[in-house]
Amino acid sequence: MRLPVAIILSVAVFFGLQTVVPFPYGIVLGLLFVGIILWYAKSHPSHPKDSVLNYRRVDPIDEKEKRQNDEALRILEKKYIEEKISKEEYLKRKKEFEDIEYNPRKCKTCGSEEFVFEEQDSDMGRYRCKRCGAYEN
């Protein structure tokens with residue numbers, strides 16, 4: 001969402017500088033500001049509101065997903081400390097994290113806890129057991 005806004009803003013800044021600053025300097029400054037705006041938008045992605053649950057991975061299967069869950073739990077604690085969520089909401093969501101940590105996903109066919117996530121679309125995918133190859137829902 002941030003990138004299209006950055007493109008529109010950079011075009012406006014570029015043409016605005018062309019009308020105010022003399023010829024060679026307007027182009028140079030315009031391109032410089034366009035580069036800065038696009039770099040900032042690309043390196044600082046926006047996250048939707050209440051991204052704690054969107055950020056958390058159910059049944060983390062590798063270190064990256066475990067770090068992602070730790071970060072989501074840290075964000076949840078920060079929201080509670082800043083009083084953006086109630087104590088009941090905090091405890092409910094924290095319990096969800098604890099349930100995931102202590103009750104990992106198991107394959108219904110072979111009982112293995114090792115899965116590979118296979119992406120089908122950009123947001124969709126499913127887990128496949130590393131041992132027997134069965135798919136989980």
Side-chain angles (χ1 to χ4, degrees):
M1 179 67 184
R2 188 176 281 190
L3 194 58
V5 173
I7 292 171
I8 293 169
L9 178 65
S10 62
V11 168
V13 167
F14 181 77
F15 286 116
L17 283 172
Q18 296 302 310
T19 60
V20 176
V21 181
F23 169 63
Y25 304 110
I27 291 176
V28 172
L29 286 174
L31 292 175
L32 178 71
F33 279 113
V34 165
I36 291 171
I37 291 170
L38 293 177
W39 167 80
Y40 182 81
K42 191 95 168 140
S43 64
H44 294 85
S46 61
H47 298 288
K49 187 176 179 183
D50 294 328
S51 64
V52 172
L53 293 179
N54 294 334
Y55 192 58
R56 175 178 55 91
R57 292 297 301 247
V58 177
D59 291 338
I61 58 172
D62 60 12
E63 282 301 313
K64 180 182 175 189
E65 290 181 1
K66 288 177 183 174
R67 285 192 310 270
Q68 190 175 4
N69 280 356
D70 292 341
E71 178 67 12
L73 185 58
R74 188 192 65 76
I75 292 170
L76 179 66
E77 290 171 352
K78 182 180 176 188
K79 286 181 182 267
Y80 174 64
I81 290 170
E82 293 174 350
E83 297 179 354
K84 292 183 179 178
I85 59 173
S86 67
K87 183 176 183 177
E88 292 79 23
E89 182 74 14
Y90 169 73
L91 292 174
K92 179 180 124 190
R93 290 187 181 183
K94 186 175 178 187
K95 185 175 182 331
E96 291 176 12
F97 281 102
E98 291 170 352
D99 287 346
I100 289 170
E101 288 293 320
Y102 299 114
N103 298 316
R105 170 179 300 195
K106 291 188 179 184
C107 179
K108 294 175 183 163
T109 307
C110 67
S112 173
E113 294 180 3
E114 298 179 19
F115 289 89
V116 174
F117 185 75
E118 295 179 348
E119 291 187 34
Q120 295 172 340
D121 294 329
S122 60
D123 293 337
M124 300 297 293
R126 57 187 182 169
Y127 288 96
R128 182 178 54 81
C129 178
K130 282 185 178 179
R131 191 175 293 165
C132 68
Y135 287 99
E136 289 288 313
N137 296 335

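Across every non-hydrogen atom of I37 and S10, the tightest pair is CD1-CA, 4.0 Å. Closest approach of R128 and G133 over heavy atoms only: CG-O, 3.4 Å. Annotation for T109 and C132: closest pair CB-SG, 3.9 Å, computed over non-hydrogen atoms.
The pair E88-K92 does not meet the salt-bridge criterion, since no charged nitrogen lies less than 4.0 angstrom from a carboxylate oxygen. Ion pairing of R74 with E77 is absent here, as no side-chain N (NZ or NE/NH1/NH2) approaches a carboxylate O to less than 4.0 Å.
Hydrophobic clustering, with ILVMFWY side chains joined whenever heavy atoms are under 4.5 angstrom apart, keeps L31 apart from V21. V13 and L38 are not part of a single hydrophobic cluster, where members link through side-chain heavy atoms under 4.5 Å apart. Note on L73: it clusters hydrophobically with L91, by side-chain heavy-atom contacts below 4.5 Å among ILVMFWY residues. I8 and L3 are assigned to two separate hydrophobic clusters, defined by single-linkage of ILVMFWY side chains at heavy-atom distances under 4.5 Å. Hydrophobic clustering, with ILVMFWY side chains joined whenever heavy atoms are under 4.5 angstrom apart, groups I7 together with F14.
In this structure, CD1 on I75 lies 10.5 Å from NZ on K84, to the nearest 0.5 angstrom. Atom NZ of K94 and atom OH of Y80 lie 10.0 Å apart (nearest 0.5 Å). Here C107 contributes atom SG and K130 contributes atom NZ; the two are 13.5 Å apart, rounded to the nearest 0.5 Å.
In this structure, the side chains of L76 and I85 come closer than 4.5 Å at one or more pairs of heavy atoms.
No more than 12 heavy atoms of other residues, nucleotides or ligands shown are found within 6.0 angstrom of CZ on F33. More than 12 heavy atoms of other shown residues, nucleotides or ligands fall within 6.0 angstrom of atom CD in E82.
Residues passing the salt bridge (charged side-chain N to carboxylate O under 4.0 Å, His left out) test with K78, sequence neighbours excluded: none.
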